[in-house]
Structures are given as C-alpha cells and as structure tokens.
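Note sheet for the following structure.
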Amino acid sequence: MAHNAASLPSRSANRIVLLHGWREQIISGLMFLAGIALCVAPWIVSESPDAAKDIHRSEVGIAMLVLLVALARLSGHAGKWSDRVIFLSGAWLVASPWLLGLQNTAVFDGAQVFDVVAGTVLLALAAASMLVRAVLDRKEKRM
C-alpha cells in the first residue's frame, strides 16, 4: 500500500504532538513529584514536632492541591487553569515563610529553604508549561 505525501503527517504536526505530549506528561509528572515531596517534607525536614506548625500545614495543603492538579493534567482534564493554579501555589510557597512569620522562629528546621526551593520549582514548571502552551497555540493557528 503506497502512501502519498499528502496523507503523511507533516514535520510541523509531529512537533506539535511531541510538544503537547511533553507538556502533558513530563511537566505534569514533575509537578506530581513536587507534590509528593511537599507531602513528605514536613516529616523529613523538621527537626522538632513543635516547629513551625503553620508552615507544615501550608506545605501539606499545597501538596494536596498540586497532586490533584497534576493528576488532572495527566488524565487530560486540565486546561490553562492548571498552569495558573500551580503558578499561584509556587508563589505562595516562596512567600509563605515571610507571610506566616516563620523567619522569626527560634528553631530553624529547614522549612524556609525547602519552601522557597519547592515554590521556585513549581513556578518554573508552570512557566515552562505556559510557554509550551503558547508555542503550541501559535503553531496550531498557523496550520
């Protein structure tokens, strides 16, 4: 059976599919791993059980939100809203040590550093996902 050139997908179409898969699977998987890290962080990073209860509750709450959004993305049921939710979650994690007054605690348990790093990772993943979505939208409009 011979294929003519018109029936074969173009290189541009292949790139769009690849970018879409990269955005949906790899970035979403990394978001899911960040959510798992946030879930277990309060028990790994903390030196004392009484240290920084507010920040640990914040981490677990954000972790649940990130996990749910990442699962929605992996199942294909997420749109632009998922990038915004992850971006806002990352921004909250970066700002939370100062907003929750954690910088004034007598016990340093590493939660400040972890939250800033985890928040920065979520910000970067959301920004990468938004960038890939913008590229995809632009390429699809050209087709």
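All values below come from the heavy atoms of this structure, side chains included, with hydrogens, waters and symmetry mates left out.
The heavy-atom pair separating Ile62 from Ser89 by the smallest distance is CG2-CB, 3.9 Å. Between Ala63 and Gly35 the shortest heavy-atom distance is CB-O, 3.4 Å.
Residues forming a side-chain contact (heavy atoms from CB on, under 4.5 Å) with Val94 (at least two apart in sequence, or on another chain): Thr120, Leu123. Under the side-chain contact (heavy atoms from CB on, under 4.5 Å) criterion, Leu131 pairs with no residue, sequence neighbours left out. With sequence neighbours excluded, the residues that form a side-chain contact (heavy atoms from CB on, under 4.5 Å) with Ala34 are Leu122.
With hydrogens and angles disregarded, a donor-acceptor distance shorter than 3.5 Å links the side chain of Ser96 to the backbone of Leu93. Judged purely by atom type and a 3.5 angstrom limit, Ser75 uses its side chain to pair as donor or acceptor with the backbone of Ala72.
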Take Phe87 and Met130 through the side chain to side chain contact (heavy atoms under 4.5 Å, CB included) test and state the conclusion after the steps. CA-CA 10 Å; Phe87 189 86; Met130 286 186 245; 3.8 Å; yes
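In this structure the side chain of Met31 never reaches within 4.5 angstrom of the side chain of Val69, judged on heavy atoms. Put simply, the side chain of Leu99 reaches to within 4.5 Å of the side chain of Trp92, judged on heavy atoms. No side-chain heavy atom of Phe32 sits less than 4.5 Å from a side-chain heavy atom of Leu68. Looking at heavy atoms from C-beta onward, Ile86 lies out of side-chain contact with Ser129 at the 4.5 angstrom threshold.
No chain of hydrophobic side-chain contacts below 4.5 Å, direct or via other Ile, Leu, Val, Met, Phe, Trp or Tyr residues, connects Leu88 to Leu30.
In this structure, the separation between CE on Met64 and CG on Leu38 is 9.5 Å, given to the nearest 0.5 Å. Note that the CG atom of Leu67 and the CG atom of Leu33 stand 9.5 Å from one another [nearest 0.5 Å]. Within the model, atoms CG of Leu74 and CD of Gln25 stand 7.5 Å from one another, a figure rounded to the nearest 0.5 Å.
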